[in-house]
Undergrad: 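Would you mind keeping the following structure in view while I ask a few things?
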There are 2 protein chains.
Amino acid sequence: MDRMAVAGATSFSAANISERAALPPALALSTVIFALRPSENSGRPTLWLPLVRRIREPFKDLWALPGGPLTQADSLQDAAARNLQETTGLAPNYLEQLYAFGGLHRSPSQRVVSIVYWALVQSTQADLAQETENVKWFRADGLQELAFDHNEIVDYALWRLRNKMAYGSIAYHLLGETFTLAQVREVYEAVLNRSIDPANFRRQLKQAAHIEATDEFLQGGKHRPPRLYRYTGERQGEQPGSLFSAH
Amino acid sequence: MDRMAVAGATSFSAANISERAALPPALALSTVIFALRPSENSGRPTLWLPLVRRIREPFKDLWALPGGPLTQADSLQDAAARNLQETTGLAPNYLEQLYAFGGLHRSPSQRVVSIVYWALVQSTQADLAQETENVKWFRADGLQELAFDHNEIVDYALWRLRNKMAYGSIAYHLLGETFTLAQVREVYEAVLNRSIDPANFRRQLKQAAHIEATDEFLQGGKHRPPRLYRYTGERQGEQPGSLFSAH
DNA sequence: CTAGTTAAAGTCATTATGACTTGAACTGAT
DNA sequence: ATCAGTTCAAGTCATAATGACTTTAACTAG
C-alpha cells in the first residue's frame with residue numbers, strides 16, 4: 001500500500017473520487033420501522049415492522065426494508081421521513097439514524113452504501129397503514145430470510161431499540177398522547193421480552209418524571225379504571241442536529 | 001411531490017439516482033481521533049485530537065478532520081482505518097462509526113455526504129506521530145473554527161465518547177497493555193472533566209471486573225508503587241459486524 | 001352483595017453509592 | 001536511621017436505589 005502525502009489527504013473532491021474508481025458506490029436510504037401490535041396467539045402487544053416485496057432482481061419476490069434513493073432537495077433525515085411517507089404512508093413519532101452499511105458485496109451488481117434510519121410509530125398509525133399485495137407487517141423476532149443484508153440490519157435496529165429503552169424515554173413514542181402506566185409497562189415487556197414487576201415499575205416511572213398525570217381515567221375496561229398520563233419530554237430523535245440546534 | 005409505486009421503492013440503482021439529479025452527492029470518509037496527552041499548564045492528562053490543514057479551497061488554511069475518499073476495495077470500516085494510517089500514521093485501538101452527515105450545504109460547491117468514524121489511540125502512538133507543518137494536535141475542548149461542519153462533528157464525537165465512557169469499557173483503549181488503577185481514573189477524569197474519588201472508583205473497577213491484576217508494579221515513581229492491571233475484554237469497537245460475527 | 005381482577009401504594013431486606021477514615025508502602029530530606 | 005510527605009489500597013458508615021412481596025382501593029360480572 002502506498003502512503004499518501006499527509007497534507008493532501010483531506011481534499012476529497014468528486015474529481016478525486018472518480019479518478020480512483022470507475023464506478024462510484026450508489027447511495028441509498030432505508031428505514032426500519034417498529035410498531036406495537038397485539039400478537040396473533042396471546043394477544044399481548046409485540047413488536048412488528050412493515051416490509052415491502054421486491055418486484056425486481058436482485059432478490060426478486062423476497063421481502064425487504066422500505067427505502068429509496070436520496071432525494072437531492074432534502075437532508076438525510078428529511079429524505080428518510082419523506083421516503084417513509086411515500087412508501088408506507090407512515091409519519092414516525094421518532095426517527096433516528098441507525099448506521100451506514102457499506103460492505104463490498106451487499107448488492108450483487110454495483111456497490112451500494114445504505115444509510116439506514118429506524119423509526120417508531122404508534123399502533124393507531126400502524127393500523128391505518130393497510131396491507132397490500134406488496135406491503136405487509138411481520139413480527140420483529142423470528143423473521144424469514146430477507147433481501148440483501150436486511151436481516152442483520154433489523155437485528156441491529158432491535159439491539160439499538162432495546163439499548164435505548166433500557167434507560168431512556170423512547171417508550172412513549174410507541175404510544176399515543178395519553179396512556180396508562182400499565183401500557184408503558186407493556187411496551188417495555190414487549191421490547192425487552194421479559195415480564196416486569198408492575199409495582200416497582202410504577203415507582204420508577206413516577207420518580208423518573210418525564211411524565212405527568214392527567215385528571216382522566218381510561219374507561220371501558222373490566223376493572224378499576226387506570227389513570228391516564230402524558231409524556232412531557234422531547235418528541236424528536238437523538239441526532240447531532242437536535243443536539244446543537246438549541247444554543 | 002410525486003408518489004412512487006410502493007413495491008418499486010427499494011430498487012435503487014445508480015441509474016435511478018442519476019435520473020433525478022444531475023450531480024449525485026459525493027461520498028467522503030473522515031475520522032475523529034482522540035488521544036490522551038498531558039495538558040500544557042497543569043500536566044494532567046487531557047483529550048487531544050489531530051487535525052490537518054487544508055491546502056486547497058474551500059476553507060483553505062483552516063484546520064479539518066483527517067479523511068479521504070472511500071476506497072473501492074475496502075469496507076467502510078477498513079477504508080477508515082486505512083485512511084487513518086495513510087494520513088496520520090496512527091493505528092487505532094478502537095474504531096467505530098460515528099454518524100453519516102448529509103446536510104445540504106456542508107460543502108459550498110457540491111453536496112458531500114460524509115461517513116464519519118471516531119477512534120481512540122494510545123498516548124505512546126500519539127507521541128510517535130510527529131507533527132508537521134500541516135498536521136497538528138489540538139486540545140479537544142475549546143477548538144478554534146474548523147473547516148466545513150467539523151466543529152459540530154467533533155462536539156458530537158465528544159458527546160458519544162463521554163456517553164460510552166459512563167458505563168462501558170472503552171477507557172482501556174486509551175491506555176497501553178498494562179496500567180494502574182490511577183491511570184484508568186485519570187482517563188475518566190480527563191474525558192468526563194471532573195474529579196472522581198479514588199477509593200470508590202477503585203472499588204467499582206474491581207467488581208466490574210473486565211480487568212485482571214498482574215503481579216507487576218509500576219516502578220520509578222516517587223511513592224508507593226501501584227499494581228499494574230490488564231484489560232481482559234474485547235479490543236474492537238462496537239459495530240454491527242462484530243455483533244453478529246460471534247454466532 | 002360477593003367473588004374476581006386490576007390499580008395504586010406501602011413494607012422490608014438486600015445491594016449500590018458517595019463521603020470519609022485508616023493503615024501500608026515508598027521516597028527524599030533532615 | 002528516622003521522619004515527614006505522598007500515594008496506594010482497603011475499610012467504615014449513612015444514604016439511596018432496587019427487587020420481592022403485601023395491603024388496600026376501585027371497579028365489573030354474576
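We name chains A, B, ... by the order of the sequence lines, and we start the count at 1 in each one.
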Undergrad: Kindly say if A:Gln207 contacts the phosphate of D:dT18, meaning a side-chain N or O under 4.0 Å from OP1 or OP2.
TA: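 Yes, A:Gln207 has a side-chain N/O under 4.0 Å of OP1/OP2 on D:dT18.
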Undergrad: Among B:Tyr188, B:Phe179, B:Tyr94, whose ring-ring contact (aromatic ring centres under 6.0 Å, His included) with B:Tyr172 holds?
TA: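 Passing option: B:Phe179.
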Undergrad: Establish whether the base of C:dA7 is bridged to the side chain of A:Arg224 by a donor-acceptor pair shorter than 3.5 Å.
TA: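 Counting by modelled atom types and ignoring angles, a donor-acceptor contact under 3.5 Å is found here.
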Undergrad: Distance check needed: C:dA8 P versus A:Phe201 CZ, whole Å only.
TA: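 Those two atoms, CZ and P, are 13 Å apart.
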Undergrad: Could you check whether A:Ala199 gets within reach of a base, just the sugar-phosphate, or nothing at all, counting any heavy atom under 4.0 Å?
TA: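 Base, at least one base atom sits under 4.0 Å.
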Undergrad: For side-chain contact (heavy atoms from CB on, under 4.5 Å), just list the numbers for A:Ile115 and A:Leu76, CA-CA rounded to whole Å, side-chain angles, deciding distance to a tenth of an Å, and then say yes or no.
TA: CA-CA 8 Å; A:Ile115 299 178; A:Leu76 294 180; 4.0 Å; yes
Undergrad: Does A:Arg202 make a side-chain N or O approach to OP1 or OP2 of C:dA8 shorter than 4.0 Å?
TA: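 Yes, because at least one side-chain N or O of A:Arg202 sits under 4.0 Å from OP1 or OP2 of C:dA8.
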Undergrad: Let me know the distance between CG of B:Leu181 and C1' of D:dC8, rounded to the nearest Å.
TA: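 These atoms are roughly 9 Å apart.
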Undergrad: Can you confirm whether B:Glu145 is buried at CD, in the sense that more than 12 heavy atoms of other residues, nucleotides or ligands lie under 6.0 Å from that atom?
TA: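 No.
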Undergrad: Could you tell me how far apart B:Leu218 (CG) and D:dA9 (C1') are, to the nearest whole angstrom?
TA: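 Rounded to whole Å, this separation is 15 Å.
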Undergrad: Taking the nucleotide of DNA chain D with the nearest heavy atom to each, does B:Asp197 or A:Gln204 sit closer to the 5' end?
TA: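 Nearer the 5' end of the strand: B:Asp197.
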Undergrad: Taking the basic N atoms (NZ, or NE/NH1/NH2) and the acidic carboxylate oxygens, is any pair closer than 4.0 Å for B:Glu133 and B:Arg53?
TA: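 The answer is yes: the pair qualifies as a salt bridge.
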Undergrad: Calculate the interatomic distance between A:Lys222 atom NZ and C:dA7 atom C1'; express it in whole Å.
TA: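 After rounding, the gap between these two atoms is 17 Å.
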Undergrad: Let me spell it out: for each of A:Arg185 and A:Asn200, pick the nucleotide of DNA chain C with the closest heavy atom. Which residue's pick is nearer the 5' end?
TA: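 Here A:Arg185 is the residue nearer the 5' end.
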Undergrad: Any chance the side chains of B:Arg37 and B:Ser123 put a donor and an acceptor closer than 3.5 Å?
TA: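 The answer is no; no qualifying pair exists.
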Undergrad: Using OP1 and OP2 only, check whether a side-chain N or O of A:Gln219 sits under 4.0 Å from D:dC27.
TA: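 No, outside the criterion.
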Undergrad: Scan B:Arg203 against the nucleic acid and name what it touches under 4.0 Å (heavy atoms): base, sugar-phosphate only, or nothing.
TA: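 Answer is base: heavy atoms of B:Arg203 come under 4.0 Å of a base.
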Undergrad: For the pair made of CG in A:Leu205 and P in D:dG19, what is the distance, rounded to whole Å?
TA: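 From A:Leu205 CG to D:dG19 P: 13 Å.
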Undergrad: Nearest whole Å is fine: how far is D:dA9 C1' from B:Ile196 CD1?
TA: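 About 17 Å, once rounded to whole Å.
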Undergrad: Below 4.0 angstrom from OP1 or OP2 of D:dA10, is there any side-chain N or O of B:Lys206?
TA: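 So the side-chain polar atoms of B:Lys206 do come within 4.0 Å of the phosphate oxygens OP1 or OP2 of D:dA10, strictly under.
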